[in-house]
Amino acid sequence: MTSKHTSCRAIELDLVATATGDAEARSAERVHRHLDTCASCRDEFGRYRAVDSVARGIRTEPSADALAKSRAGLESRLADLRQRRVAYRIFPSPLGHILVGRSEHGIAVVEYLHGDSSLSASRLARVEGVEAVPGGPELERLQRDLLDYIEGRRRGLDWALDWRLARSDFERAVLEATAAIPYGAVASYAGVARRIGKPSAVRAVAQALRWNPLPIVVPCHRVIGTSGRLTGYAGDKLTLKQRLLGVEGVKLRPAQRDFSVAREAMYALGEGSTEYCLPTCGDILTRSLSIVTLFASRADAEARGLTPCSDCRPDLHPLTAA
Amino acid sequence: MAGPDGFHAPPAAVSHRRMGLQPFETVVAAHHGEIYRYLVRVTSRSGDADDLSQETFLRAYRAWDGLDGSANVRAWLFAIATNLARNYFRSESRRRRAYAGVSDVRGDVDMTSPEEEQRFQETRALVERVVDGLPLKQRLAFVLRKLHDLEYDAIGQSLACSPESARAHVFQALKKIRIGLNGHALPTMETVR
């Protein structure tokens with residue numbers, strides 16, 4: 001071994017590769033030419049071929065039981081993970097960076113990010129039990145839909161929703177009642193409280209909407225104070241609320257560091273009625289917003305199956321666009 | 001966009017996933033067995049292989065949506081498994097246990113005569129001892145190449161080295177096995193598939 005010929009040593013790597021089926025054609029050719037003239041390398045070549053065969057023979061075949069057990073364990077852990085998994089996507093929008101997240105049940109979260117555009121800036125990253133993972137291209141459609149919506153090219157988001165991030169049954173009821181407020185309409189916190197059968201829980205409704213896990217999709221921007229003021233949105237994002245309502249055609253005017261809905265420029269629907277009215281119909285303009293829903297346009301009202309009031313006839317005397 | 005391990009198949013690879021043909025379930029079905037076998041081989045303990053193989057697929061699942069559609073999924077899974085195996089061996093005590101455990105699984109051998117069977121088993125046990133005693137990178141490279149037929153590119157990615165280094169690891173492993181078998185009668189080529 002020690003007195004190996006130089007040419008044998010030079011070819012050793014190629015010889016092993018060739019004997020073990022790992023060489024390129026050209027080096028294999030060179031090896032075989034060398035073997036024709038070198039008996040000791042021929043012997044070595046044979047041994048390496050045998051070594052390779054034995055070595056490949058240590059392939060292990062675990063028992064079918066062990067394999068099945070491991071597979072079953074994996075399936076159960078995957079099922080658990082799948083339940084908790086939210087694939088998210090963060091993208092810039094006219095309203096700042098937005099995160100949208102989807103679980104296997106549907107859209108679970110929409111979130112305005114503060115300044116930073118990373119997951120660590122989000123509430124989602126801190127929700128216990130949620131496994132947030134970066135989503136793939138399949139979330140691009142959500143981004144497109146949402147941007148279309150924000151920019152007024154789309155009037156609804158027909159997404160399946162996952163309500164599991166609602167923190168209580170009460171919150172869930174508030175969110176579902178809010179989700180039922182149509183495009184171009186506004187209702188009040190007190191009105192939502194009435195709709196879920198808890199007319200005195202006005203503050204709790206406002207609090208629940210403050211933590212709305214699905215803003216825009218669950219349109220908490222359509223919920224305002226009974227005074228007609230916008231009151232609040234996602235913490236301190238009142239201008240976003242103003243903007244979203246503006247896109248839907250809701251008439252607003254400034255009111256002491258806030259905005260107020262211009263009731264006199266909107267159609268109105270009294271509680272329990274199926275007819276929408278002009279703001280000048282009867283006493284509707286002075287009735288509390290806890291029992292009146294406002295609509296930006298006749299089309300928005302009629303899209304909900306409402307009919308024009310037979311007294312004030314908004315169909316014959318429509319409001320003129322300001 | 002690169003996968004979490006920077007993995008890419010050659011550009012010619014077809015993306016089955018992007019064509020909607022490969023949900024994650026099929027990845028599990030197709031590769032769990034061989035990843036499990038690989039980890040049993042390198043950890044020599046089926047219990048630990050159980051954990052590590054499950055962890056491999058849980059990690060893969062988390063990264064699945066972000067994985068490039070052209071990635072070589074099989075090589076990517078082996079890379080994740082290899083990383084986990086390397087972390088596992090960073091604990092020296094575990095490494096010692098692995099030496100002691102050599103093998104608690106049985107090979108699928110089809111021998112013709114009892115003598116040949118016995119001779120084969122002896123040789124095999126010897127090879128296993130040498131393989132289990134190899135430095136970790138050589139051992140992993142050897143197992144990936146000889147038992148799972150991975151390309152050197154993929155082995156290099158798994159071990160965070162170049163394909164040439166991966167090749168050198170396998171070469172060193174074969175040399176050591178060859179030396180370990182010195183003086184030992186090797187089965188003739190005809191008796192071994």
Side-chain angles (χ1 to χ4, degrees), chain A residues 1 12-17 19-24 43-82 84-89 102 104 131-139, chain B residues 1 18 24-25 28-29 32-33 36-38 40-41 46 49-51 53-58 61-67 69 103 105-109 120 123-124 126-128 130-131 142-143 145-148 152 167-168 170-171 173-175 177-178 181-182 186-189 191-193:
Chain A
M1 280 291 245
E12 189 185 8
L13 205 151
D14 282 344
L15 181 144
V16 174
T20 58
D22 244 355
E24 287 174 14
D43 183 48
E44 195 66 3
F45 184 84
R47 288 192 72 85
Y48 268 113
R49 279 194 65 190
V51 163
D52 189 55
S53 299
V54 177
R56 286 177 189 271
I58 68 169
R59 210 179 289 265
T60 48
E61 197 50 58
S63 74
D65 272 2
L67 189 58
K69 192 175 135 271
S70 174
R71 174 76 182 270
L74 170 61
E75 295 293 354
S76 119
R77 289 176 74 183
L78 271 177
D80 172 62
L81 182 56
R82 208 171 265 138
R84 297 187 289 109
R85 181 176 177 280
V86 174
Y88 69 88
R89 184 177 180 88
R102 182 164 74 185
E104 67 172 352
E131 175 90 21
V133 296
E138 82 281 1
L139 295 188
Chain B
M1 189 168 61
R18 198 154 280 166
F24 194 74
E25 294 70 38
V28 174
H32 173 260
Y36 180 73
R37 276 191 284 276
Y38 168 57
V40 168
R41 176 75 263 159
S46 54
D50 207 23
D51 271 359
S53 68
Q54 291 179 9
E55 193 54 39
T56 299
F57 283 92
L58 292 173
Y61 179 70
R62 289 189 178 101
W64 183 240
D65 281 342
L67 184 67
S103 180
V105 286
R106 191 178 177 284
D108 178 19
V109 188
F120 182 88
T123 313
R124 180 198 155 104
L126 190 56
V127 171
E128 286 190 343
V130 175
V131 170
F142 172 83
V143 172
R145 179 65 194 159
K146 292 300 173 184
L147 306 188
H148 294 281
Y152 283 113
R167 196 179 269 274
V170 174
F171 171 72
L174 284 166
K175 259 183 97 163
I177 296 167
R178 155 81 181 81
L181 291 176
N182 248 351
L186 286 170
T188 54
M189 289 304 294
T191 60
V192 183
R193 280 168 303 158

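Chain letters run A, B, ... following the sequence lines, proteins first and then strands; every chain starts at 1.
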*Asks:* Check the pair K175(B) / Y48(A) against side-chain contact (heavy atoms from CB on, under 4.5 Å), numbers first and verdict last.
*Replies:* CA-CA 9 Å; K175(B) 259 183 97 163; Y48(A) 268 113; 3.1 Å; yes
*Asks:* Chain A heavy atoms under 4.5 Å from Y38(B): which part of the residue, side chain, backbone, both or neither?
*Replies:*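 For Y38(B), no heavy atom lies under 4.5 Å from chain A.
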*Asks:* Can you sort out the partners of D14(A) under salt bridge (Lys or Arg N to Asp or Glu O under 4.0 Å), two or more places apart, ordered by chain and number?
*Replies:*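 Salt bridge (Lys or Arg N to Asp or Glu O under 4.0 Å) list for D14(A), sorted by chain: R30(A).
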*Asks:* Measure distances from V131(B) to the heavy atoms of chain A and classify the residue's part below 4.5 Å as side chain, backbone, both or neither.
*Replies:*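 V131(B) touches chain A through side-chain heavy atoms alone.
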*Asks:* Heavy-atom distances under 4.5 Å only: say whether R77(A) touches chain B with side chain, backbone, both or neither.
*Replies:*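 Both backbone and side chain of R77(A) come within 4.5 Å of chain B.
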*Asks:* Go through S53(B), A29(B), A168(B) and name the one with the most non-hydrogen pairs under 4.5 angstrom from chain A.
*Replies:*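 Counting heavy-atom pairs under 4.5 Å, the top option is A29(B).
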*Asks:* Any heavy-atom pair between the side chains of Y152(B) and D22(A) that's under 4.5 Å?
*Replies:*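 Yes, at least one pair of side-chain atoms sits under 4.5 Å.
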*Asks:* Below 4.5 Å from any heavy atom of chain A, which atoms of A173(B) appear? Answer side chain, backbone, both or neither.
*Replies:*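 For A173(B), there is no contact with chain A at all, as no heavy atom is under 4.5 Å.
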*Asks:* Say whether, by atom type as modelled, one donor and one acceptor occur between the side chain of S53(A) and the main chain of R49(A) under 3.5 angstrom.
*Replies:*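 Confirmed, S53(A) side chain pairs with R49(A) backbone.
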*Asks:* Between A55(A) and chain B, which part of the residue has a heavy atom less than 4.5 Å away: side chain, backbone, both or neither?
*Replies:*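 Contact with chain B involves both backbone and side-chain atoms of A55(A).
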*Asks:* Using salt bridge (Lys or Arg N to Asp or Glu O under 4.0 Å) as the criterion, list what pairs up with R167(B), not counting sequence neighbours.
*Replies:*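 R167(B) satisfies salt bridge (Lys or Arg N to Asp or Glu O under 4.0 Å) with no other residue.
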*Asks:* Would you mind checking which part of E12(A) comes under 4.5 Å of any heavy atom in chain B, side chain (CB onward), backbone (N, CA, C, O), both or neither?
*Replies:*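 Both backbone and side chain.
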*Asks:* In terms of heavy-atom pairs under 4.5 Å with chain B, which of V133(A), L139(A), L67(A) leads?
*Replies:*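 Of V133(A), L139(A), L67(A), L67(A) has the most heavy-atom pairs under 4.5 Å with chain B.
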*Asks:* Tell me whether the rings of H32(B) and F57(B) are parallel (<30°), tilted (30 to 60°) or perpendicular (>60°).
*Replies:*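 The rings of H32(B) and F57(B) sit tilted, inter-plane angle from 30° to 60°.
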